[in-house]
Asker: 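Quick one: structure below, then a few questions.
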There are 2 protein chains.
Amino acid sequence: MPANAVRPMERKTGIALWRQVADRIRQGIGSGEFDGDGRLPPETALAERFGINRHTVRSAIAALVQEGVLRPEQGRGTFIQRRRRFTYPISARTRFSEGLRDQARDRRGHLLAHARETASPRVAEALGIAEDDPVIRLETLSEADGRPVSRATSWFQAERFSGIADAFASSGSITVALRDHGVADYLRKSTVVSARHAESADLADLKLAPGAIVLVAVALNVDPEGRPVQFSETRFAADRVELSVSG
Amino acid sequence: MPANAVRPMERKTGIALWRQVADRIRQGIGSGEFDGDGRLPPETALAERFGINRHTVRSAIAALVQEGVLRPEQGRGTFIQRRRRFTYPISARTRFSEGLRDQARDRRGHLLAHARETASPRVAEALGIAEDDPVIRLETLSEADGRPVSRATSWFQAERFSGIADAFASSGSITVALRDHGVADYLRKSTVVSARHAESADLADLKLAPGAIVLVAVALNVDPEGRPVQFSETRFAADRVELSVSG
DNA sequence: TCTACTTGTCTATATCAATAGACGAATTTT
DNA sequence: AAAATTCGTCTATTGATATAGACAAGTAGA
C-alpha cells in the first residue's frame, strides 16, 4: 500500500482539495509510483484512498489532463502520459546542455528578451561592479525534449559582453556565447537554491499550472581568473526537475 | 513601487486568493521588503496593490498572524515579527550547527523517533549494503533560535552504528553521534535537491501552515575512506531557509 | 451476449472564498 | 479637541469548492 493511503488531506487551508490531490498524483507519477501498468487506479479507488468524493478526484484528474500529465479513456482507465523528472547536476562545471545529455535528446535554449540596463545593487555586488554600471540582461528559456525545463534571468557586464544577446540567440548556448566573447572556460562559483510558488509570467513560459512550485537557483559563474562573468536566477519547474549537488 | 504592484493574482486555480497573498507577503518579508519601518502597508493599500478586496487581505494577514510572522495593532498598523531566511550551506563539509553558526545563537537537534528496520531498495543502494540488511532510522528535527528549521529522516547501517539513536538523543548532533561510533570525520558525497508541498506530518513538526513548501535535500555522507555512513532526506521550510552551494 | 468495471454527465445541496459597504475602536497627527 | 489613519466587526451577495446520488457510455472478460 503506498504512503498516500493513510495520510489524510488538509482541509480549509486555502488550497482546494482537488489541487492537493492533483499535486500528490503528479508527485506519485514523478517518483514512479504507477509504473506497473502505466495507469492510475480507478477514480473510486482514489476517492477512497484519499478519503474524498469521486467528483473531487475527477477535478484533480481534469487539471492533470490539462497539463498533459494524464490521458483518460472512457471505460478503460486513466493513463499516464509523462513520467520521471530530469536530474540537473550542479557543480563547478555546471552547463545546461551537458547536464541533461544522458536524459534528453533535444536540449536547447531560447532567448525571450534582452535589455541593456543599469546594475541593481544585488547584481552589482554579484558581478563586482559599481552600482548603476551598465549590464546586459537576458531572459531565456531552456527546453529538453520539447518540454520547458527552466526559465532564467542572467546579467552580464555590458562592456565586456556587448554582443552576448545575439551570440546566445544564434547558438542557444551560454557556453558558446561566452566563448564568442573570449571566455574559453568558466566555473560555477556559488549557487543558492530556494523554492516558492511560480509567478504568473513563469507559469506561462514554463507551461505550468497555477500554484506550481519552482526551484530557484541564484548562481554566479566566473572565468578561470576568478572574474565574474554571469550572474543568474534560474527557475526550474519543481515537478519536472531535481537538482543534484556532487561533492 | 515594489514588483508586487503590477503582477495580478491568479484566480480560479484551486489556491485561494488569501493564501496567494499570504505567500507573497511572507516572501516579501523574507527578502527584506518591509525593513524600512518594520511595518506592513495598511490593509487598504495592500488591497489596492494586489487588486483585491480588503477582506481578502485581512484573511491573508490573519493566516500570517497565526504563523507568528505578523503582529497587528489596532489603530497603529501591522508589524513584522520575524524577518530573514537562514542560509544553509551545502558543501563537502556540510554540518548543520556549523552552517548556521553566524546566523543563529541556538542551534540544536531533537530526536523525534528511531527504529531498527530492514533497508529499502533505495536506502540499500545508497548505503552500499544488501537489500533487507538491518538499518537504523532516525527521525530528527533541527531548530535555530527556537524555531524549527528542518525535519530529517536518516538511515545508518545497523551493525556499525548500533547506538547512534542514544548518541544523537544526548548530544543533539550527528557529528558527535558519529564520532562516538569511530567516525572522526565525514564528507558530503552527494546532495539532490527538490521542492514540493509539505506533507501533514512535516507541517506539524515544522510548525508550517498547510500548503507550505519544503525544500527536500537527499544526501549521502561518507567517511574519509569513502564508505557510506549516513543516508538522509531533509525537509527544510522553504520560507525560512535557502540552500547555498559553494563551488 | 451478458456482466462487471470504468469514465462521463447530470441534478441537488452545503460550505468556503471573495466582494461590497458600513461603522466601531484604538491610535496618531493636526 | 478634532481630524485623519488604521485595524476590527458586522451584514449581505455571488461564485467556487466539495459532497451525494443516479445513470449513461464505453471497454474488457466470462
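Here is the naming used below: chain letters follow the sequence lines, and residue numbers restart at 1 for every chain.
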Asker: Reckon A:R58 has a side-chain N or O less than 4.0 Å from the OP1 or OP2 of C:dG8?
Answerer: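 Affirmative; the distance criterion is met.
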Asker: Could you tell me whether A:R151 and A:E139 make a salt bridge, using a distance below 4.0 angstrom between a side-chain N and a carboxylate O?
Answerer: yes
Asker: Side chain of B:A16: nearest nucleotide among C:dT7, D:dG8, C:dA18?
Answerer: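 Per side-chain heavy atoms of B:A16, the pick is C:dA18.
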Asker: Expressed in angstrom and rounded to an integer, what is the separation of A:L46 atom CG from C:dC5 atom C1'?
Answerer: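 Interatomic distance, CG of A:L46 to C1' of C:dC5: 15 Å.
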Asker: Might you point out which heavy atoms bring B:S154 and B:S232 nearest each other, and give the distance in Å?
Answerer: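 Scanning both residues, the minimum pair turns out to be OG-CB, 3.5 Å.
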Asker: Map B:P41 and A:E73 onto DNA chain D by nearest heavy atom, then report which one ends up closer to the 5' terminus.
Answerer: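 Residue closer to the 5' terminus by nearest nucleotide: B:P41.
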Asker: Count the heavy atoms belonging to other residues, nucleotides or ligands that lie under 6.0 Å from CD of A:Q66, then report whether that count exceeds 12.
Answerer: no
Asker: Can you tell me whether the side chain of B:H55 and the base of C:dA20 have a donor-acceptor pair closer than 3.5 Å?
Answerer: yes
Asker: Given C:dA17, is OP1 or OP2 found less than 4.0 Å from the side-chain N or O atoms of B:T56?
Answerer: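 Looking at the OP1 and OP2 atoms of C:dA17, neither is under 4.0 Å from any side-chain N or O of B:T56.
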Asker: Write down the protein N/O and nucleotide N/O pairs, taken from nucleotides 23-25 of chain C, whose separation is under 3.5 Å; answer none if there are no such pairs.
Answerer:
unit_1, atom_1, unit_2, atom_2, d
C:dG24, N2, B:Q74, NE2, 3.2
C:dA25, O4', B:Q74, NE2, 3.4
C:dA25, N3, B:Q74, NE2, 3.1

Asker: A:W18 CH2 to D:dT17 C1': how many Å, rounded?
Answerer: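 Rounded to whole Å, this separation is 10 Å.
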Asker: Kindly compute the distance separating CG (B:L46) from CD1 (B:I52), expressed to the nearest 0.5 Å.
Answerer: 8.5 Å
Asker: Considering non-hydrogen atoms only, spot the tightest contact between B:R116 and B:P134 and give its length.
Answerer: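 Here B:R116 and B:P134 meet closest at NH2-CB, 3.9 Å.
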Asker: Nearest whole Å is fine: how far is D:dA16 P from B:I15 CD1?
Answerer: 17 Å
Asker: Tell me whether the side-chain N/O atoms of A:N53 come closer than 4.0 Å to OP1 or OP2 in D:dA18.
Answerer: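 False: A:N53 side-chain N/O out of range (4.0 Å or more) of D:dA18 OP1/OP2.
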Asker: Would you tell me if any nitrogen or oxygen in the side chain of B:R76 comes within less than 4.0 Å of OP1 or OP2 on D:dC7?
Answerer: no
Asker: Atom CD of B:Q20 to atom P of D:dA16: distance rounded to whole Å?
Answerer: 15 Å
Asker: Just the rounded figure in Å: distance from C1' of D:dA16 to CZ of A:R19.
Answerer: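 Taking atom C1' of D:dA16 as the reference, CZ of A:R19 is at 14 Å.
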Asker: Who are the side-chain contact (heavy atoms from CB on, under 4.5 Å) partners of B:E233, not counting sequence neighbours?
Answerer: B:R122, B:R196, B:V216, B:V218, B:R235
Asker: In whole angstroms, how far is the P atom of C:dT7 from the CZ atom of A:R71?
Answerer: 13 Å
Asker: Write down the distance between CD (B:E43) and C1' (C:dT19), rounded to a whole number of angstrom.
Answerer: 15 Å
Asker: For the helix from C:dT1-D:dA30 to C:dT30-D:dA1, measure the angle between the helix axis at one end and the axis at the other, each built from five pairs, rounding to 10°.
Answerer: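 Angle reported: 20°, given to the nearest ten degrees.
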Asker: Could you check whether any side-chain N or O of A:D202 sits under 3.5 Å from a backbone N or O of A:E199, counting only pairs where one atom can act as donor and the other as acceptor?
Answerer: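 Not confirmed, A:D202 side chain does not pair with A:E199 backbone.
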Asker: Answer yes if the side chains of A:E143 and A:H110 hold a donor-acceptor pair under 3.5 Å, and no otherwise.
Answerer: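 Indeed, the side chains of A:E143 and A:H110 share at least one donor-acceptor pair under 3.5 Å.
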Asker: Please state how far atom CG in A:L70 lies from atom C1' in C:dT6, giving the value in whole angstrom units.
Answerer: 15 Å
Asker: Select base, sugar-phosphate, or nothing to describe what B:T78 touches, counting heavy atoms under 4.0 Å on all strands.
Answerer: sugar-phosphate
Asker: So A:L208 and A:V214, side-chain contact (heavy atoms from CB on, under 4.5 Å) or not? Walk me through it.
Answerer: CA-CA 10 Å; A:L208 288 170; A:V214 286; 4.2 Å; yes
Asker: If you draw a 6.0 Å radius around CD in B:E125, do more than 12 non-hydrogen atoms from other residues or ligands fall strictly inside?
Answerer: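 For B:E125, atom CD is not crowded (no more than 12 foreign heavy atoms under 6.0 Å).
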